[in-house]
Amino acid sequence: MPQQFKNKARQKIILSDKPIATAGGEGAIYDVMGSNKPALVAKIYHSRKTATSRYNKIAFMIANSPIKEAKEEIQKAIVWPTMPLFDSNKNFKGFTMPKVSGAITLKSLTLATNPSIRNGEQWKKFDHNSKGSHQKRMAVAYNIVQALSAIYARGNYVLVDFKPENIFLYPNGNIALIDLDSLQINNPNISFAAKVYTEEFAPPEKHRKQVDHQSGTIGVEWDYFSLAVILYELFLGIHPFQASHSQYTTRPELIKNAYFVHGSKANELYAIPKIHENFKSLHPSIQTLFVRTFEEGQNDPSKRATPQEWIEVFLQVLSLEETFETRLDFPEKMLL
């Protein structure tokens with residue numbers, strides 16, 4: 001049986017009876033019935049306690065949306081809360097947001113394998129071995145950093161749990177950032193810490209226990225590190241700290257101790273996967289931003305490349321390469 005809620009104006013909002021997805025352990029996602037332009041979904045929290053603790057945060061996000069007055073492509077790229085929902089007793093239960101459909105997670109493109117194998121022939125154009133795929137992936141990267149820039153322009157937000165699984169990709173290269181209600185809010189009048197993070201995309205200062213993601217004081221430079229990891233995986237199909245060391249065996253340990261595979265301590269790694277060699281085929285300007293972020297930014301987060309710097313480099317490189325095609329050296333079958 002469909003569920004019924006109300007918005008602030010006490011208008012009825014009808015949701016599907018069964019969830020279409022789960023939102024971690026705190027809630028579930030339902031279709032909003034009758035919402036065609038645009039199609040909407042609703043996140044409904046499982047418990048009243050969780051919902052109550054989230055209300056002020058969601059209300060702030062709706063009132064301070066980065067997509068207000070933004071270009072249409074930016075609005076579609078940021079899946080932001082649009083409307084709070086209440087039960088018949090006026091208890092906050094969740095919120096609506098745009099629906100993402102016909103897309104896959106960016107995770108499919110951060111692997112060395114052909115994304116069309118699992119997702120269909122329309123994704124073959126992004127295969128590392130397809131002519132022009134490098135430019136198409138760079139266009140995807142450009143779209144990601146454009147969306148991030150719009151969020152940061154509000155001056156209140158740090159994503160913290162920024163990873164490929166929270167980025168959806170459409171066949172035309174457009175993207176959609178999801179799960180944004182978990183971000184950190186820094187504001188003179190209201191502050192909310194991020195509840196979660198993902199170790200492989202967290203910066204070295206987190207692994208050194210110099211910062212606490214639940215403190216509510218994380219700087220945006222945390223996201224700059226995560227962004228660079230995502231872009232490296234998008235371009236090369238492997239994590240920038242994936243290699244073998246005699247003492248450190250996990251990626252968090254390698255991140256903590258500055259073992260970027262193209263960094264100054266690379267000679268201490270006894271096995272570096274061959275796929276990393278494609279780094280040398282990237283435009284020098286792109287290489288520079290990666291090295292700056294993972295080397296200079298290791299101990300000084302302010303040195304990490306910003307979204308605006310990535311945007312400028314991508315525009316420059318795409319302009320230079322528009323008359324020819326680049327293909328990196330990826331074997332037909334790659335086992336990581």
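Values reported hereafter were calculated over all heavy atoms of this structure, with side chains retained and with hydrogens, waters and symmetry mates removed.
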* Asked: Taking only residues two or more places apart in sequence, or in another chain, which ones meet F225 in a ring pair (Phe, Tyr, Trp, His ring centres under 6.0 Å)?
  ->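 Scan of F225 (ring pair (Phe, Tyr, Trp, His ring centres under 6.0 Å), adjacent residues dropped) gives F294.
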* Asked: With Y45, which residues qualify under ring pair (Phe, Tyr, Trp, His ring centres under 6.0 Å), at least two apart?
  ->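 Y45 satisfies ring pair (Phe, Tyr, Trp, His ring centres under 6.0 Å) with no other residue.
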Quick one: side chain to side chain contact (heavy atoms under 4.5 Å, CB included) partners of [X], sequence neighbours excluded?
X    : answer
K256 : H207, R208
K68  : S65
S264 : E295
S47  : K49, T50

* Distance under 6.0 Å and angle within 45° of ring axis: K136 vs F126 ->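 Checked: cation-pi criterion not met.
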Answer yes or no: are there more than 12 heavy-atom neighbours, outside [X] itself, under 6.0 Å from its atom [atom1]?
X    : atom1 : result
K107 : NZ    : yes
K76  : NZ    : no
E69  : CD    : no

* Between the side chain of T293 and the main-chain N/O of A305, is any donor-acceptor distance below 3.5 Å? -> yes
* From CA spacing to verdict: side chain to side chain contact (heavy atoms under 4.5 Å, CB included), W123, L169 -> CA-CA 10 Å; W123 299 97; L169 175 68; 3.7 Å; yes
Summary of salt bridge (charged side-chain N to carboxylate O under 4.0 Å, His left out) pairs that have at least one residue in [range], sequence neighbours excluded:
range            : result
residues 90-104  : D31-K99
residues 52-66   : E26-R54
residues 183-205 : E200-R251, E205-R304

Under the side-chain hydrogen bond (donor to acceptor under 3.5 Å, both in side chains) test, residues paired with [X] that sit two or more places apart:
X    : answer
N166 : none
D223 : Y152
H239 : none

* Could you tell me how the ring of F260 sits relative to the ring of Y232: parallel (under 30°), tilted (30 to 60°) or perpendicular (over 60°)? => perpendicular
* K124 and E121 ion-paired at < 4.0 Å -> no
* Sole candidate of S133, P171, S130 that passes side chain to side chain contact (heavy atoms under 4.5 Å, CB included) when paired with K125 ->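 The option that passes is P171.
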